[in-house]
Amino acid sequence: MNFNFFKNKSVAIDLGNSNTVVSDAQKVLLAQPSYIVFDNETNAVKAIGNKAYSMFEKSHEELRPVKPLRGGVIADYDSASKMIREMLAQASMQSSFLGGYDHMIAGIPYYTTEVERRALRDALGQFNSRHSYMVYEPLAAALGIGLNIREPDGKMLIDIGGGITEIVVISLSGVAAFQSLKVAGDTFDEQIQDHFRRAYNMAIGLKTAEQIKINVGAAIDKIPDVPQPMMVRGKDLIEGLPVTRAINHSEVAFVLEKSVSSIEHCVVQTLETCPPELAADIYHNGIHITGGSAMLRGLRERFEAKLKLPVHVDPQALLSVSKGIAQTLKDTKKYQGILLQ
Ligand SMILES: Nc1ncnc2c1ncn2[C@@H]1O[C@H](COP(=O)(O)OP(=O)(O)OP(=O)(O)O)[C@@H](O)[C@H]1O
């Protein structure tokens, strides 16, 4: 007999704008795009995660693809709840025979309204869990990259995800200064898509725009490892015919300039509003960047040149939040101070 079946399980959920990561205290159980596809007529769930993402922008009227989160928070409650349920099931995190989960901890952006927090709380409430908590994502990310957030030592963390960028100064398990802006990976994709339309009368999908960003995207022109230009396929808006066109990293850097400089501006503002003792710590510790969009080429070099500070990019930028939440699962007593009801 499997005795684990009788033991309550605990689960960490990083419900992101672009990706959802489900883990237990030890390991990642599932990491998939935050997408769900419904049957338009019956409202049944047709696909979630990778499969749903592959159907995006390629479906027909019988299917309804939904991206339930926008700007890092739940925008479509019903779809988000169903997506979480299906993902937990896929991650083999069905509740135990004896009834539900022990702990459920989910990440939430630092800058959220009470209504947005309630949406996540309610989505977790559908499960029978003895304790459910939320934790601010930038604090979880800091834990995930191995920073000691409890000591009286200022640490600046920039989390650039899909829908939101959060810049926080952490000390004594709390946030001493912060800025949040809804400019992140999705904005980059939209700007690339828009550029093709305006400059070349060429329509491309958002998934293609994301591929361009990942393959040849950059935050500056002068980068150490220059990628090969990418051939992009799309549709000519005037003739309606398929066309291809090459794009290189310099052009993408030009397109992303406005968004990247708005993030940079917020980092400067956060440093300006930061108490002097903590600013001195940051000058010593440097800045940590995480979240999937931290992997944009040249971002580190650009921030270092602008801020004259060491900048560390997290090598596991897509997983820092989930690793941090998993750490709080391991010892909920120790982290009680950062767990929100
Ligand atoms: N190599 C890369 N270069 C640039 N961007 C990347 C790269 N890899 C992934 N991304 C982008 O990272 C973003 C997803 O990051 P992440 O999973 O941290 O966000 P999220 O947690 O889902 O979003 P949020 O924190 O806003 O809720 C996407 O926009 C994706 O295109």
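One-based numbering, in listed order, for ligands and for the atoms of each. Note: hydrogens, waters and symmetry copies are ignored here, and every other heavy atom, side chains too, is used.
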*Would Thr20 and Gln32 count as having a side-chain donor-acceptor pair, cut-off 3.5 Å?*
no

*Is the closest side-chain donor-acceptor distance between Tyr111 and Glu166 under 3.5 Å?*
no

*List for me each residue that meets salt bridge (charged side-chain N to carboxylate O under 4.0 Å, His left out) alongside Lys323, sequence neighbours excluded, and say none if there are none.*
none

_Whether over 12 other heavy atoms sit under 6.0 Å from Phe254 CZ_ = no

*Test the Lys46-Phe38 pair against the cation-pi criterion, namely NZ or CZ under 6.0 angstrom from the six-membered ring centroid and within 45° of the ring axis.*
no

*Evaluate whether atom CG of Asp225 has more than 12 neighbouring non-hydrogen atoms of other residues, nucleotides or ligands under 6.0 angstrom away.*
no

So what's ligand 1 close to, N/O to N/O, under 3.5 Å?
from, atom 1, to, atom 2, distance (Å)
ligand 1, 12 (O), Ser293, N, 3.3
ligand 1, 15 (O), Gly292, N, 3.2
ligand 1, 17 (O), Asn19, ND2, 2.8
ligand 1, 18 (O), Gly292, N, 2.9
ligand 1, 19 (O), Gly162, N, 3.1
ligand 1, 22 (O), Asn17, N, 3.2
ligand 1, 22 (O), Ser18, N, 2.6
ligand 1, 22 (O), Asn19, N, 2.8
ligand 1, 23 (O), Asn17, N, 3.3
ligand 1, 23 (O), Gly162, N, 2.9
ligand 1, 26 (O), Gly162, N, 3.2
ligand 1, 26 (O), Gly163, N, 2.8
ligand 1, 26 (O), Ile164, N, 3.1
ligand 1, 27 (O), Asn17, N, 2.8
ligand 1, 29 (O), Lys213, NZ, 3.1
ligand 1, 31 (O), Glu210, OE2, 2.5
ligand 1, 31 (O), Lys213, NZ, 2.7

